[in-house]
Colleague: 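What follows is a single structure, and I will ask about it in a moment.
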Amino acid sequence: MSSSYRRLNPKSLHSSTGVFPTRSLTDAVWTDSGGAQPETPQRQGRDLLSDLFAALRVTGGSDGSSGGGQGDPSAAPFGVCTNSGMESSSRTALMQLRAKGATCGTGNQMDVLQPITELLGTEGERLILTLAVPESPLLTHTPTVLLAFDDPLMAKDLDVAFTGPHLHPNTQSVCISEETRYVILTGRASEEHHSQKWSIFLETKSLDAAQKLQEILIGGGPGSKISMTPLLLFLSESGPDIRSKPNTDTSPLGSADTFSFLSELHSFLGDVSPRTPEEARSSPVQLQSLPSLPPLALGLSSGETVLTGLLNSFSPTVFSFPTPLSVLRRGRGGELALPPHQVEELRQKLRRVVEQMLELMGEVVEEEDKEVEQRAIKSLERLEALSAFPKEDPPAGYLFRRERQYRAFLLLKALQTVARAYEVQRGLRAARAGQGSSQAGANLCGLQSLTVALDTRLVGPDTAAINNCHGVCGYPLHNGNNHAILLNQQIQSGRALDRSLCCVPVAYDDMQVVELVEDGTYMYIKPNMVAKQCGCR
């Protein structure tokens with residue numbers, strides 16, 4: 001151990017103990033009790049694992065190709081030191097986790113053990129973490145040790161050395177910052193698979209840092225406690241296959257998967273949304289300032305008539321995500337209770353729009369954005385997996401069905417909007433290509449694209465194609481009514497009038513705004529916002 005680290009002063013330190021259920025996540029069975037789940041001192045490990053992979057995606061390394069390198073800011077939430085003088089085992093583990101997230105999405109196919117936290121306190125002059133690790137054949141393989149905290153540790157540039165015989169190497173550096181919610185360490189494979197006690201000692205470089213670490217992890221006095229969950233993750237593909245191997249179509253998923261879905265949707269929309277035109281960025285539209293119909297709560301209380309109207313609507317939809325996104329983790333996942341015929345309709349619509357999206361991305365995405373396109377395709381595959389309906393209902397599957405319907409509905413609305421924007425882009429390209437061949441017709445009254453930027457709270461997309469009408473109202477009149485016909489006759493006869501015929505919108509689409517907040521999901525309808533038809537008036 002390097003002498004540059006100081007041991008903690010034991011004065012005012014105390015032990016904080018917590019006994020939590022030990023379970024191998026791969027053997028866990030999660031069912032719906034029909035009501036809200038009680039709060040526990042430690043979040044269920046499966047929820048936490050989904051949170052971890054959601055955090056990996058949000059920090060930008062979901063494809064496994066980047067992140068965790070020298071000076072990488074996306075490593076800060078995971079306690080990984082990126083300055084050149086530090087050891088790199090944690091960086092390697094972070095990159096492996098990112099790569100694993102790109103293939104398994106929410107970590108459901110990963111072997112995991114959940115130890116008991118027996119002690120977080122002091123032993124002599126040292127801060128010590130003691131874990132009781134359950135018996136498992138997985139222990140003969142190299143684990144990644146994950147310490148997950150319910151909230152960021154809120155420390156500023158705190159370097160901590162973690163030391164223990166079950167770590168490899170024995171001493172590893174962790175850089176804690178205001179963003180850190182996870183600590184990633186690399187463990188050592190055991191020669192046996194019986195239950196074990198792991199002791200990990202924590203030391204810092206100065207007395208001030210030692211005091212800060214004490215305050216963060218233990219608190220200032222008796223009764224203080226830290227909300228921390230330890231997990232052992234086994235990333236090796238060659239490890240023993242002791243999983244129960246549930247059918248992924250029928251394994252019950254809870255609100256953790258809905259949070260993973262929403263995180264994935266957030267990233268996906270950021271990738272695939274059309275770029276904001278330069279001229280539109282200076283004056284973003286504040287949608288909350290526009291008149292809106294009364295909000296609709298999207299959930300179990302939504303009536304069949306309302307859901308039918310929303311399913312059949314092709315109005316563009318934008319999504320308002322909270323900042324930070326993690327507040328959605330505290331809420332229960334959204335649910336819908338569609339009748340069987342609407343479930344089948346939703347399934348068919350979603351299948352068609354996914355096919356349409358894949359086709360349009362191949363046509364519209366620029367050559368320099370092909371890497372983004374590949375990332376978006378992988379993201380879409382994960383969104384589909386989290387929204388797919390099973391061929392048969394799982395046991396105790398009411399919650400499973402309701403949450404899947406909710407996720408599939410949101411995915412349908414998002415994809416319909418992006419596909420619509422891509423079709424506009426494709427049409428503009430075709431119009432530019434044929435501009436010289438029909439110059440006369442190009443000046444007639446007709447619909448033209450007009451894109452506006454939306455305020456920064458909105459992602460998905462952060463632009464809206466509201467369209468505009470432009471062109472000459474000559475003979476024959478384009479989509480004219482009787483008043484326009486008579487007005488045009490008067491103009492043609494030479495009568496001087498105060499105004500001539502104008503090319504204006506005569507039909508509109510609404511815009512739908514999905515607002516995701518901790519206590520639910522709400523749909524706001526902004527009426528008459530998108531021009532869809534022009535006429536001479």
Side-chain angles (χ1 to χ4, degrees), residues 1 15-30 40-49 52 79 87 89-90 92-94 96-97 100 104 107-124 126-149 161-172 174 182-203 217 225-246 251:
M1 178 74 201
S15 297
S16 175
T17 61
V19 179
F20 307 123
T22 306
R23 176 173 292 191
S24 168
L25 299 188
T26 54
D27 297 328
V29 178
W30 312 97
T40 60
Q42 184 182 43
R43 295 207 318 276
Q44 293 288 5
R46 178 170 180 165
D47 288 5
L48 191 147
L49 197 59
L52 169 66
E87 51 81 26
S89 57
S90 295
T92 301
L94 176 60
Q96 290 174 339
L97 281 170
K100 193 72 174 180
C104 71
N108 289 334
Q109 300 302 311
M110 182 185 295
D111 288 318
V112 183
L113 290 178
Q114 184 171 353
I116 296 173
T117 302
E118 285 197 342
L119 174 69
L120 179 61
T122 60
E123 182 182 271
R126 292 189 291 184
L127 183 64
I128 182 174
L129 170 64
T130 302
L131 304 177
V133 180
E135 179 179 358
S136 171
L138 287 169
L139 295 175
T140 59
H141 294 260
T142 302
T144 295
V145 182
L146 178 75
L147 306 179
F149 303 89
F162 284 68
T163 304
H166 292 93
L167 300 180
H168 182 66
N170 287 353
T171 297
Q172 299 177 31
V174 171
Y182 303 93
V183 168
I184 296 176
L185 306 167
T186 54
R188 185 185 301 275
S190 174
E191 295 182 357
E192 299 178 347
H193 54 74
H194 56 71
S195 59
Q196 304 171 5
K197 289 287 181 67
W198 287 21
S199 294
I200 302 175
F201 298 94
L202 288 71
E203 297 179 284
L217 295 184
K225 64 179 181 179
I226 186 170
S227 187
M228 183 197 72
T229 305
L231 294 178
L232 302 184
L233 314 179
F234 296 85
L235 307 180
S236 173
E237 297 295 338
S238 59
D241 190 5
I242 64 169
R243 294 188 294 263
S244 55
K245 293 183 179 179
S251 57

Colleague: With rounding to the nearest 0.5 Å, note down the distance linking NE2 in H166 to CG in L131.
Modeller: 10.0 Å

Colleague: With sequence neighbours excluded, what pairs up with Q196 under the side chain to side chain donor-acceptor pair (under 3.5 Å) test?
Modeller: S190, W198

Colleague: Determine the minimum heavy-atom distance between P230 and P115, stating which atoms define it.
Modeller: O-CD, 3.3 Å

Colleague: Which distance, rounded to the nearest 0.5 Å, do you find between the CD of Q114 and the CG of L233?
Modeller: 11.0 Å

Colleague: Rounded to the nearest 0.5 Å, what separation is found between the CG atom of L147 and the OG1 atom of T117?
Modeller: 8.0 Å

Colleague: Which heavy atom of L138 sits nearest a heavy atom of V112, and at what distance?
Modeller: CD1-N, 4.4 Å

Colleague: Nearest 0.5 Å, what's the OG1-CD1 distance between T92 and I184?
Modeller: 11.0 Å

Colleague: Closest heavy-atom contact between P143 and A189?
Modeller: CD-N, 4.2 Å

Colleague: I'd like to check L232 versus V145 (side-chain heavy atoms, cut-off strictly below 4.5 Å). Are they in contact?
Modeller: yes

Colleague: Which residues satisfy the side chain to side chain donor-acceptor pair (under 3.5 Å) test with E191, sequence neighbours excluded?
Modeller: none

Colleague: Indicate yes or no: at least one non-hydrogen side-chain atom of N170 is less than 4.5 angstrom from one of R188.
Modeller: yes

Colleague: Within the 4.5 Å heavy-atom criterion, are T142 and H168 side-chain neighbours or not?
Modeller: no

Colleague: Might you point out which heavy atoms bring H141 and F234 nearest each other, and give the distance in Å?
Modeller: O-CE2, 3.4 Å

Colleague: Output the distance between atom CD1 (I200) and atom OG1 (T163), rounded to the nearest 0.5 Å.
Modeller: 9.5 Å

Colleague: For residues T130 and I128, determine if any side-chain heavy atom of one lies less than 4.5 Å from a side-chain heavy atom of the other.
Modeller: yes

Colleague: Tell me, please, which residues at least two apart from H193 pass side chain to side chain donor-acceptor pair (under 3.5 Å).
Modeller: none

Colleague: Would you say L113 and L231 make side-chain contact, with heavy atoms under 4.5 Å?
Modeller: no

Colleague: Just checking, any donor-acceptor pair under 3.5 angstrom between side chains of Q172 and T186?
Modeller: yes

Colleague: With L202 as reference, evaluate L127, V183, V174 under the side-chain contact (heavy atoms from CB on, under 4.5 Å) test and give the passing residue.
Modeller: L127

